[in-house]
Amino acid sequence: MDILVKGGLLADGTQADIAITGDTITEVAPGISAEAGEVIDARGKLVTQPFVDAHFHMDATQSYGRPRVNASGTLLEGIALWGELKQQQTREDIIARALDYCRQAVAKGILAIRSHVDVTDESFNTVEALLEVRDRVRGVLDLQLVAFPQDGWFRAPNGEHQVIRALDAGVDVVGGIPHFERTMADGAASVRAACELAAARGLRVDLHCDESDDPLSRHIETLAAETLRCGLQGRVAGSHLTSMHSMDNYYVAKLLPLIAEAQVAAIPNPLINITLQGRMDSYPKRRGQTRVPELCAAGVTVAFGQDCVRDPWYPLGSGDMLDVAHMGLHVGLMTAPDEMRTAFEMVTRTPAEILGLDFGLAKGKRASLVVLDAPDPIEALRLRPARLAVVSNGKVVSRTEPARSDLSVTF
Ligand SMILES: [Zn+2]
């Protein structure tokens, strides 16, 4: 065996050693004693399957302040600023920022990212840059790209054409932004077009869907219905879904079973939407998060995404999915122990499921895992501790020493 992770605690509290040969987990059991090329001492530490970020924008990351800071803090000013920036940035610029972010993400134990890539820029710099980044990080970090028409499928004159061009170039997933189209009817038509394109090409769908405080933004209903009509069950995700927060309960009671029946996954992005939404409210200000506990109770697969790190929409972010889950459980009032464990799964197990990845701590799975300086998922959420070791496809790709304080006072 090449690597033995010794004495670690799994998320359910059981203790097990993990044996790795090549890029595969060959055994998960207590007391494995065979020789190994490398032993990782994980005694008393949580060993988890990798963090996965189901929603990110790698073409915009680390561009905060360019061309200037988003003064209103709104989604719409962010889109306008990004529109200026994408005229100015070069392909090399995007690649350098993206790779820098990938290094930070891997150090934090993120080993897969679904990144939307804005395809509406005629220069195609964003798509070509992220396709190159996908190749450069392959083998360590799984980068899944979504053809995202930021300026609209129909609202941008070239939107639909550019989505198809990006898919032809090798982008993986069909994207869209129905709430940004000019009319509700155009939004619904864009959802239909995206689902039909995905069905014709055998692809997945992930739409920015109803990222709005308007309770009448109901494109998720169309997305679920089109998923059923096109036979895309299990391959479709609705990102954000913030309008659901403001919808009336009677309508939501009809909507939730439809989403569940269509097996459409939900990807809320708590860090971003708690700051972008509610900007036009006085008091009380609405929370910018969809109905996470209710979606879970209805049987919908839910993953928390990060969305942004230092870009026109969000000034903060550190590539730490535990920060994302920490915010998500606060905004969703998910503080019961089982709910906090669910929040941890929403940045590990469920996003891997949505992306279709073979992650998991079991025999025969890919040898990718993270050792955290905490004993269990709840303590990991509370402390957001050091990622002591990150193993990707059977190789140790990062180690981090915990920060220690040396107090010079006594009590
Ligand atoms: Zn997004």
Side-chain angles (χ1 to χ4, degrees), residues 52-64 70 73-83 85-86 94 98 101 105 110 112-121 126-127 130 143-153 156 159 163 166 171-181 187 190-191 194 204-213 217 219-220 223 236-244 265-277 288-290 302-317 319 321 324 327-328 346-347 351 354-355:
V52 175
D53 185 357
H55 188 114
F56 195 64
H57 293 264
M58 205 174 279
D59 49 0
T61 193
Q62 312 207 97
S63 65
Y64 178 65
N70 182 336
T74 60
L75 172 68
L76 295 180
E77 184 174 345
I79 292 175
L81 285 173
W82 169 243
L85 175 60
K86 70 188 180 190
I94 302 165
Y101 177 73
I110 298 177
I113 298 174
R114 174 181 278 181
S115 175
H116 295 252
V117 48
D118 182 1
V119 298
T120 52
D121 178 13
T126 47
V127 174
L130 290 199
L143 181 56
Q144 195 175 84
L145 299 177
V146 184
F148 173 49
Q150 171 76 75
D151 298 334
W153 189 288
V163 169
V171 169
D172 309 282
V173 178
V174 181
I177 184 165
H179 56 274
F180 192 69
E181 304 294 344
S190 76
V191 173
R204 294 170 189 268
V205 177
D206 188 339
L207 304 187
H208 283 67
C209 194
D210 303 324
E211 189 178 8
S212 163
D213 292 325
S217 187
H219 298 295
I220 179 60
L223 181 60
V236 175
S239 283
H240 297 292
L241 305 178
T242 51
S243 73
M244 200 186 295
I267 307 176
N269 298 285
L271 292 171
I272 304 313
N273 290 122
I274 199 62
T275 54
L276 288 183
Q277 308 311 126
Q289 186 159 288
T290 191
V302 184
F304 285 132
Q306 182 163 226
D307 206 2
C308 303
V309 168
R310 290 182 49 75
D311 69 10
W313 296 274
Y314 188 59
L316 304 173
M321 294 309 294
V324 175
M327 179 62 77
M346 285 180 189
V347 291
I354 293 169
L355 269 64

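Counting convention: from 1, in listed order, for ligands and their atoms alike. Just so it is clear, the structure is predicted and the values come from calculations on it, not from any experiment.
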Is there a donor-acceptor pair under 3.5 Å between the side chain of [X] and the backbone N or O of [Y]?
{"X": "Gln277", "Y": "Gln289", "value": "no"}
{"X": "Thr61", "Y": "Val309", "value": "yes"}
{"X": "Ser115", "Y": "Leu145", "value": "no"}
{"X": "Gln144", "Y": "Leu355", "value": "yes"}

His179 side chain to Asp210 side chain, donor-acceptor N/O pair below 3.5 angstrom: no
Protein-side N, O or S atoms sitting under 2.8 Å from the Zn ion (ligand 1) are His55 NE2, His57 NE2, His208 NE2, Asp307 OD1
For Leu223 and Gly238, the nearest pair of non-hydrogen atoms, with its separation, is CD2-CA, 4.0 Å
